[in-house]
Amino acid sequence: MHGRPRKPLKQEDTSALSAKTQNLRSLQSLFLTNHHNRIYTKEALDLNAKLVENNPEWHTAWNYRKLAVQHFLSTPDSNPDYVKSILDEELRVVESALRKNFKSYGAWHHRKWVLSKGHSSIDNELRLLDAFQKADPRNFHAWNYRRFVTALMKRSDEDELKYTEEVIGDNFSNYSAWHNRSILLSNLLKRKAEGYFPEEDVLKEEYELVHNAIFTDPDDQSGWFYHLWLIDQTVKIDAPLLVSSWPSHGSSLTLQGNKCLHGSGLSVLNCTLSDTGKFPIILYFSQAVEGINSSTVTVKSEVLTGDLVWKPLSKINSNTAQVWVTYLNIGDMEPQLSETYSLEISLGHSKGIVSSSGYHYGHPTQIAFKLGIHAAYEEPAKGQGEKMTSWNDNDFQRIEHYQESESIFSTDQLTSENDQNQTTSIWCAEAIVKEIIEFRELLSESDCKLGKLTLARLLSALDSLPSIYAKKMLHAGEVIELYDDLIKLDPIHSLYYKDKRSLTLLHQITSTRETLLPYCHYYKDATESIAGHVCLRLQNLSLSRIGCFENLLWVQTLDLSHNELGSIEGLEAMQLLSCLNLSHNKFGSFTALAPLRLLTSLKVLNISCNKIGSHSIDTRRYLCSSPLTHTEKFAWDRFETLVGSFNATKFWEAFLIFDSLNLTELDIKGNEVADENFRLFLVKVLPTLKWLDGGELS
Amino acid sequence: MGELAIDKHVRYIVSIEKRKDDFESVVMEHLRMNGAYWGLTALDLMGKLDAVDVDEVVSWVLSCQHESGGFGGNIGHDPHILYTLSAVQVLALFDKLDVIDVDKVTNYIVSLQNEDGSFSGDIWGEIDTRFSYIAICCLSILHQLDQINVEKAVKYILSCKNMDGGFGCTPGGESHAGQIFCCVGALAITGSLDLVDKDLLGWWLCERQVKSGGLNGRPEKLPDVCYSWWVLSSLIMIDRVHWISKEKLIRFILDCQDMENGGISDRPDDAVDVFHTYFGVAGSLPPFFCPPPLCVIDLMFIRYCAKNFSSRVSVVGFGTSPFLKNCDYPYQGMAVTTNFTHSTYSRRETKIS
């Protein structure tokens with residue numbers, strides 16, 4: 001029982017309750033008889049009224065009343081007074097039921113239904129609500145009903161906004177009122193209502209209002225969520241933007257026809273063609289968009305024949321995604337040897353690219369790059385003395401400096417171009433700086449967790465503003481310290497702070513060429529199959545989460561070993577990735593690896609020493625496309641043939657991941673799941689596999 | 001303290017059977033179908049599902065079905081989508097879906113979808129995202145999801161998204177852990193979890209855990225064993241469950257046990273009931289995190305595998321439900337139907353002895 005103390009009933013209570021029970025039982029059965037026989041006499045209705053007061057959650061009892069009302073209103077002699085008396089009686093019954101149980105869905109809905117029959121007494125509704133809302137200011141039924149009634153009365157959003165201010169004034173800990181305020185204010189801002197434009201003036205006042213609440217009791221959560229929403233309103237850009245692309249604007253790429261790059265020198269812009277001779281072009285947006293196709297994105301080049309097909313990079317069959325990819329088929333292009341071609345991609349010149357919230361991509365953008373092809377593309381010879389990929393420290397050498405004018409990052413150039421409205425951004429930077437000052441002050445007085453978290457968020461928001469307003473990731477060190485503090489201060493949520501800390505660290509590392517350099521390595525042995533690739537080594541950084549993929553689209557070899565990762569959400573954006581080391585992390589299931597399914601170039605995968613198979617229940621199952629989500633046809637026939645005598649339920653998740661990959665090397669040892677039986681299964685699912693757990697397959 | 005007193009809890013649940021004329025039981029007559037699902041799932045969790053007289057349950061469920069295809073909460077009660085899902089889930093639990101006319105049930109649910117993609121609970125037009133979840137879950141169990149406009153249904157759910165990343169009953173409604181469970185569950189089944197702002201919602205959800213280790217349903221409310229479960233399963237679905245402390249939550253649940261007479265309450269030292277006993281057991285038994293909303297589909301899939309590959313499959317830690325009605329109430333419905341399932345259970349016991 002909610003909130004009822006644990007104590008035995010007294011004797012007199014028991015007998016009273018027993019009488020009550022019998023009474024209710026007889027009411028119930030009499031009512032059902034009336035209902036089934038469509039008896040709508042006064043006695044029958046009175047009986048029902050008693051019942052709904054006792055038991056307002058019973059749908060059938062309210063349905064009966066609706067039928068009775070319909071019955072009365074359909075009689076030919078119904079005059080307005082008669083109708084009014086019928087409806088008023090219903091409102092009275094609802095009111096007394098609500099006095100008994102304020103949280104009854106059925107009673108509130110019946111009231112709405114009655115009002116929809118002709119709302120003669122609607123003015124009374126707000127009075128009634130005021131009384132109820134005073135008694136329980138957080139009741140969400142009452143708040144829902146309030147929104148319904150005010151819409152029906154056409155009461156203005158401005159008036160309702162004032163009401164929330166009154167309620168907050170009475171008690172700033174009323175989260176329901178803050179919530180309603182966010183809804184009303186969004187509406188007013190969206191339609192640029194009088195007095196609610198420009199947005200910055202409105203937001204300035206809102207900051208003041210919420211500061212009053214937060215600074216009065218920093219430990220009360222109610223205002224904090226609203227404050228976070230205000231920060232988001234301040235920095236957000238509604239229209240989708242192109243954040244980065246691969247290749248990036250102004251880059252020159254050298255494509256190598258065969259797998260080795262002898263004598264070509266080291267360059268992150270060198271790119272080895274995948275076995276299929278396909279070359280990806282990736283567009284990374286600020287939010288999920290739809291409508292990327294050959295008419296919204298034009299690609300001009302002398303080598304191109306026919307339209308390109310754009311694909312959303314989404315784990316599910318959706319036509320919306322933050323990252324889109326297309327593949328140039330070099331084979332189709334019939335390029336000349338040692339020739340340089342130029343490609344030009346333009347988007348935003350016509351409408352059609354739309355975010356999921358309905359905003360259009362309207363900023364014309366151009367990405368031009370050069371593509372040099374050094375040798376004719378050949379089918380790579382199979383199994384020619386290849387070595388297994390090694391991830392040993394001594395096989396790598398740090399890169400001392402970048403070559404020439406390599407611009408692996410397109411972010412700088414794109415974001416400054418995206419700065420359409422400078423005045424907005426100046427205001428936005430000022431607002432964030434002002435908030436930072438406020439919260440530093442708060443923290444100088446009290447060591448409050450929400451204050452620290454907000455300061456960390458504000459500093460991150462400032463750092464991510466266009467570079468003309470703030471130096472990139474200037475505050476990352478301070479943000480990381482704040483998260484370290486929070487881990488100690490609020491141990492219950494320590495893993496939340498750890499995830500945030502990881503993302504900040506990655507932002508810091510990947511934000512500029514200089515900060516990234518210490519993590520870029522190349523193979524010492526030039527005869528290795530992945531020699532010439534730059535290997536980005538982000539191992540041993542205590543990362544519990546990864547991100548910043550927009551800065552990493554160029555990476556072909558990635559070492560994330562010896563971290564604390566349990567998920568690789570978003571990794572699918574790295575379409576060039578061919579070698580990936582995830583060993584010594586905390587992956588608990590195959591479904592946690594679902595993004596790998598979209599990495600068509602992936603050849604080498606190390607997931608050794610994780611926790612796959614240690615838990616009998618895989619809670620991530622619902623996150624990936626599977627037969628369970630009905631979003632995908634499961635290849636039953638193939639699965640059945642493959643598993644044959646194996647224990648099917650144990651392997652279907654592994655099948656989902658590996659069936660779509662063409663791995664040549666896989667290391668999975670050191671996981672609970674990896675027994676001999678499973679290895680046999682893997683060899684069947686992955687016919688391209690040459691190395692398994694460090695041993696060459698015959 | 002420090003252990004889950006399983007024997008005591010089982011005894012407590014069984015003892016309720018002897019009190020079927022309790023006031024609470026009678027008040028909750030109308031929820032009997034929901035309660036059947038809770039009760040049977042609880043039995044399944046304790047490994048006692050096979051002790052139930054399947055035929056008796058199935059024929060009772062069928063006697064609650066109406067001409068429209070929908071099910072009522074009890075014999076003679078009006079049909080509603082709330083009870084239709086429970087009926088389908090109970091039948092699925094026993095692998096008895098072949099006793100119903102799938103098209104008829106499907107048509108009933110399809111008829112409740114509105115132009116804007118939302119769902120009504122019954123012909124009287126109450127709209128709520130709980131009903132969206134129920135419709136989607138139910139059709140998914142029946143493999144008839146393609147019969148509704150899923151795109152519109154998803155769009156409607158998204159129109160109920162709030163500033164905190166959570167979801168309300170209708171557009172503008174306040175976020176609430178039970179409602180979030182429904183909306184996130186519906187998005188999970190339709191493969192639309194990409195549309196959830198997982199970090200924002202995840203933070204709001206993990207902040208439901210208060211110092212005592214328990215979780216509340218909304219900011220600045222008291223923690224509660226049952227809300228703990230709604231939050232927990234929502235966090236699981238968006239892959240952020242590590243953001244709360246599992247150890248602290250288990251401690252909170254254990255502190256809510258009545259160590260004398262068995263049973264678990266909403267908060268320490270409150271009166272126990274079966275609903276919270278069920279959630280408490282589900283939340284603290286290993287595997288600690290029961291898989292959320294698709295469990296029945298999950299179970300059916302595993303059964304499919306079992307049938308096709310004739311391998312013995314054991315289903316561990318299985319238990320969930322739609323968010324029934326007002327969260328203050330379904331626990332009483334649970335009590336009613338645990339009576340129901342246990343009476344059949346004990347009759348069987350008597351026969352054997």
Side-chain angles (χ1 to χ4, degrees), chain A residues 1-6 17 20-21 24-25 28 32 36 55 57-60 63 66 103-105 109 113 140 143-144 147 173 175-176 179 182-183 220-222 225 229 288 314-316 318 356 492-493 495-496 566-567 615-617 619-620 622-623 625 627-631 640 647-649, chain B residues 21 23 26-27 29-30 76-78 80 124 126 140 145 162-164 169-170 172-174 176 188-189 191 193-195 203-204 206-207 209 218-220 236-237 239 242-245 248 258 265-266 269-271 273 287 289 291 294 297-298 301-302 305 309 311 313 316-317 325-326 328-329:
Chain A
M1 307 302 141
H2 283 127
R4 209 181 73 188
R6 194 180 289 171
L17 198 61
K20 217 169 140 191
T21 309
L24 186 59
R25 263 233 191 279
Q28 282 174 347
L32 275 178
H36 295 148
N55 198 2
E57 272 301 326
W58 194 2
H59 283 111
T60 309
N63 295 348
K66 294 187 185 77
K103 294 178 175 178
S104 160
Y105 283 92
H109 178 250
W113 184 85
F140 71 86
W143 280 99
N144 282 345
R147 278 182 288 269
S173 177
Y175 185 76
S176 308
H179 157 78
S182 77
I183 298 281
D220 187 285
Q221 290 191 348
S222 306
F225 290 100
W229 177 73
S314 158
K315 280 178 280 169
I316 48 166
S318 152
S356 16
I492 290 186
H493 301 111
L495 291 178
Y496 170 76
S567 145
H615 303 284
S616 55
I617 298 284
T619 54
R620 275 195 185 78
Y622 312 103
L623 292 161
S625 183
L628 300 185
T629 57
H630 297 263
T631 48
E640 285 183 33
N647 181 337
T649 52
Chain B
D21 282 328
F23 183 65
V26 177
V27 168
E29 279 272 281
H30 65 284
H77 296 197
D78 291 356
H80 196 284
W124 298 105
E126 183 185 1
S140 150
L145 207 52
N162 291 321
M163 63 149 180
D164 47 31
C169 310
T170 47
E174 184 183 344
H176 166 283
I189 300 174
L193 280 177
D194 283 10
L195 301 170
W203 181 59
W204 188 89
C206 83
E207 279 293 333
Q209 186 163 36
R218 289 190 283 161
E220 301 301 324
I236 288 171
M237 287 188 279
D239 202 11
H242 57 291
W243 286 357
I244 58 165
S245 163
K248 280 238 168 191
D258 183 336
S265 53
D266 59 345
D269 300 323
D270 276 356
D273 61 69
F289 299 128
L294 305 180
I297 309 171
D298 214 1
F301 175 78
I302 292 167
C305 293
F309 310 109
S311 47
V313 185
V316 214
K325 321 227 3 133
N326 183 327
D328 291 355
Y329 285 88

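Everything numeric here is computed off the predicted structure, so don't read it as measured data. Lettering of chains follows the sequences in order, A, B, ..., and the numbering in each one begins at 1.
Both the backbone and the side chain of Ile492(A) come within contact range of chain B, each with at least one heavy atom under 4.5 Å from a heavy atom of that chain. At a 4.5 Å heavy-atom cutoff, the contact between Asn55(A) and chain B is made by side-chain atoms alone. Contacts of Ile183(A) with chain B are made by side-chain atoms alone, with heavy-atom separations under 4.5 Å and no backbone atom involved. Heavy-atom distances place both the backbone and the side chain of Cys206(B) under 4.5 Å from chain A. The contact between Asn144(A) and chain B is made entirely by side chain atoms (from C-beta outward), counting heavy-atom distances below 4.5 Å.
When all heavy atoms of Asp239(B) and Ser567(A) are compared, the closest pair comes out as OD2-CB, 3.9 Å. The two atoms that bring Trp243(B) and His493(A) nearest to each other are O-CD2, 3.4 Å, heavy atoms only. His179(A) and Gly172(B) get closest at one heavy-atom pair: NE2-O, 2.7 Å. Of all heavy-atom pairs spanning Pro219(B) and Gln221(A), the tightest one is CB-OE1, 3.7 Å. Closest approach of Met163(B) to Ser182(A), counting heavy atoms only: CG-OG, 3.5 Å.
Using modelled atom types, one side-chain atom of His36(A) and one backbone atom of Gly76(B) make a donor-acceptor pair closer than 3.5 Å.
Once rounded to the nearest 0.5 Å, the distance linking OG1 of Thr60(A) with NE2 of His30(B) reads 8.5 Å. Residue Tyr175(A) holds its OH atom at 10.0 Å from CZ of Arg218(B), rounded to the nearest 0.5 Å. We find the NE2-CG distance between His77(B) and Leu32(A) to be 4.5 Å, quoted to the nearest 0.5 Å. The structure places OG of Ser314(A) at 5.0 Å from CG of Asp194(B), a figure rounded to the nearest 0.5 Å.
Side-chain atoms of Glu174(B) and Ser176(A) form a donor-acceptor pair, as typed in the model, at a separation below 3.5 Å.
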> Stepwise, does the side chain to side chain contact (heavy atoms under 4.5 Å, CB included) test hold for Glu220(B) with Asp220(A)?
Replying inline: CA-CA 7 Å; Glu220(B) 301 301 324; Asp220(A) 187 285; 3.5 Å; yes
>> Run Glu126(B) and Tyr105(A) through side chain to side chain contact (heavy atoms under 4.5 Å, CB included) and show every step you take.
In response: CA-CA 9 Å; Glu126(B) 183 185 1; Tyr105(A) 283 92; 3.7 Å; yes
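Taking the six-membered ring where tryptophan is involved, the planes of Trp113(A) and Trp124(B) are perpendicular, since the angle between them exceeds 60° and thus also 30°.
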